[in-house]
Amino acid sequence: MGREFLDLVDISTAHKITANLFREIYHPPRIEEVNLSDAYGRVLARDMETPIDLPPFNRASRDGYAVKAEDTFHASEDNPSILKCIEVIEAGSIPQKRIEKGCCSRISTGAPVPEGADAIVMVEYAEEKEDNIIIYKSAYPGQHIALKGSDISKNDIICTKGSILSPEKIGALSAAGISKLPVIAKLKIGILSTGNELIEPSNDWSPGKIFDSNSHSIAAAIKNCGCKPKILGIVKDDYMELYNAIQSSIRECDILITSGGTSAGAGDILRDIIEDIGEVIIHGISIKPGKPTLIGKVDDKLVFGLPGFPVSALIIFNVLLRPYLMELSGKSLDYKYLRELPLAQRLHSSKGRVHYAIVKIEDEKAHPILKDSGAITSLADADGYIKIPKNVEILEEGSMVKIIPFF
Ligand code: AMP
Ligand code: MG
């Protein structure tokens with residue numbers, strides 16, 4: 001038995017309620033430790049200090065000769081300095097001999113600079129003649145030497161809390177010898193699709209059936225928010241079957257998302273079930289599309305009942321869940337991906353409720369896709385959606401609109 005929407009709330013109220021629920025239930029986010037190899041894209045949960053000085057020793061930054069700079073002062077092509085080579089120092093080895101006046105050691109990039117030396121003369125400006133090294137250019141103290149701790153000192157912060165672990169950050173952290181990283185744990189989000197007509201996407205279509213697309217589009221959207229989706233399958237519009245599926249799913253995840261069966265029609269039983277095993281907090285939001293949206297709580301976990309229409313489901317996910325999931329994942333909303341373009345044609349909206357319209361970008365214009373919410377080609381063609389405020393009835397051709405991608 002379906003039921004009429006009791007109290008339709010507007011989207012700003014729905015946001016307020018959702019924000020509070022997220023704060024109450026899921027904040028602060030959990031922290032887990034990952035290896036460097038699993039760190040890409042994760043969000044650092046604490047400031048990281050370097051356990052050692054970097055570089056860890058005075059290091060040659062060129063191939064050449066470690067010298068006392070003063071031995072090369074006034075050296076030139078016409079009047080070279082002549083030094084005696086006492087050692088060859090490869091990267092990874094430890095110098096055995098101290099550089100005294102008149103001496104030098106051959107050194108590779110990355111090798112420790114021997115005691116007594118204060119400059120490296122590049123190999124290009126020197127020549128080997130028997131045991132002697134002829135230096136054709138003067139060096140200054142400190143030349144081509146990266147001093148111990150000059151890059152970053154022990155206990156200084158190398159990467160701050162909240163950094164997204166991109167290749168360059170992972171490079172820096174591993175250079176400091178850090179192998180385990182505290183990151184924000186991914187929320188596990190279960191996905192159930194409901195409907196007698198639904199079957200898994202495959203080559204086998206059977207009459208009357210529809211391929212389940214919501215499980216897969218929502219799973220992708222969840223990943224994009226830095227969370228971990230778990231597709232739990234298709235459930236029939238049957239009270240006991242859905243009841244059992246929700247009961248067991250809720251134990252396995254932090255948040256449960258269902259799609260379909262949220263309207264007030266026959267076979268739409270989600271509301272009854274949530275009422276019986278938990279609490280319905282919102283049922284019905286005055287937006288288009290996506291009015292039959294349900295937010296409930298079961299075992300102190302949130303359940304979001306998205307409408308079945310694929311476009312509506314994805315829009316409601318983006319509008320109502322994405323901001324909070326991104327926040328919990330430590331990710332910022334990607335406003336840099338917003339594009340503002342003129343509308344290609346006049347667009348009618350419904351007064352009194354916020355309207356989200358999907359658009360395609362062509363010739364630097366936003367073209368509304370005017371198909372019903374069941375049309376799959378709406379998704380295939382979409383570049384994003386625009387928000388039309390609740391008091392706007394008509395958007396004129398040429399008015400500037402912000403296009404939010406589905407990510
Ligand atoms: P409902 O919200 O259950 O009334 O479903 C509305 C429309 O969305 C119906 O045409 C359903 O067949 C379709 N639909 C529901 N769930 C899905 C799904 N998981 N994938 C694709 N279409 C769906
Ligand atoms: Mg249905």
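Note that ligands are numbered from 1 as they come in the structure, with each ligand's atoms numbered from 1 the same way.
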What are the atom names and distances for all N or O pairs under 3.5 Å between ligand 1 and the protein?
{"from": "ligand 1", "atom 1": "2 (O)", "to": "G308", "atom 2": "N", "distance (Å)": "3.0"}
{"from": "ligand 1", "atom 1": "3 (O)", "to": "G261", "atom 2": "N", "distance (Å)": "2.8"}
{"from": "ligand 1", "atom 1": "8 (O)", "to": "G308", "atom 2": "O", "distance (Å)": "3.3"}
{"from": "ligand 1", "atom 1": "8 (O)", "to": "F309", "atom 2": "N", "distance (Å)": "3.2"}
{"from": "ligand 1", "atom 1": "12 (O)", "to": "E197", "atom 2": "OE2", "distance (Å)": "2.5"}
{"from": "ligand 1", "atom 1": "14 (N)", "to": "G308", "atom 2": "O", "distance (Å)": "3.2"}
{"from": "ligand 1", "atom 1": "19 (N)", "to": "S193", "atom 2": "OG", "distance (Å)": "3.3"}
{"from": "ligand 1", "atom 1": "19 (N)", "to": "D212", "atom 2": "OD1", "distance (Å)": "2.8"}
{"from": "ligand 1", "atom 1": "19 (N)", "to": "N214", "atom 2": "ND2", "distance (Å)": "3.4"}
{"from": "ligand 1", "atom 1": "20 (N)", "to": "S213", "atom 2": "N", "distance (Å)": "3.0"}
{"from": "ligand 1", "atom 1": "20 (N)", "to": "N214", "atom 2": "N", "distance (Å)": "3.4"}

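- Under the 3.5 Å distance criterion, with hydrogens and angles disregarded, a donor-acceptor pair is assigned to the side chains of S193 and D212.
- More than 12 heavy atoms of other residues, nucleotides or ligands shown are found within 6.0 angstrom of CZ on F22.
- Y243 and D238 are not linked by any side-chain donor-acceptor pair at a separation below 3.5 angstrom, with hydrogens and angles left out of the test.
- Of all heavy-atom pairs spanning S350 and K288, the tightest one is OG-CD, 3.6 Å.
- Judged by distance alone, the side chains of H15 and Y324 do bring a donor and an acceptor atom under 3.5 Å apart.
- N35 and S37 share no donor-acceptor pair across their side chains, judged by distance under 3.5 Å alone.
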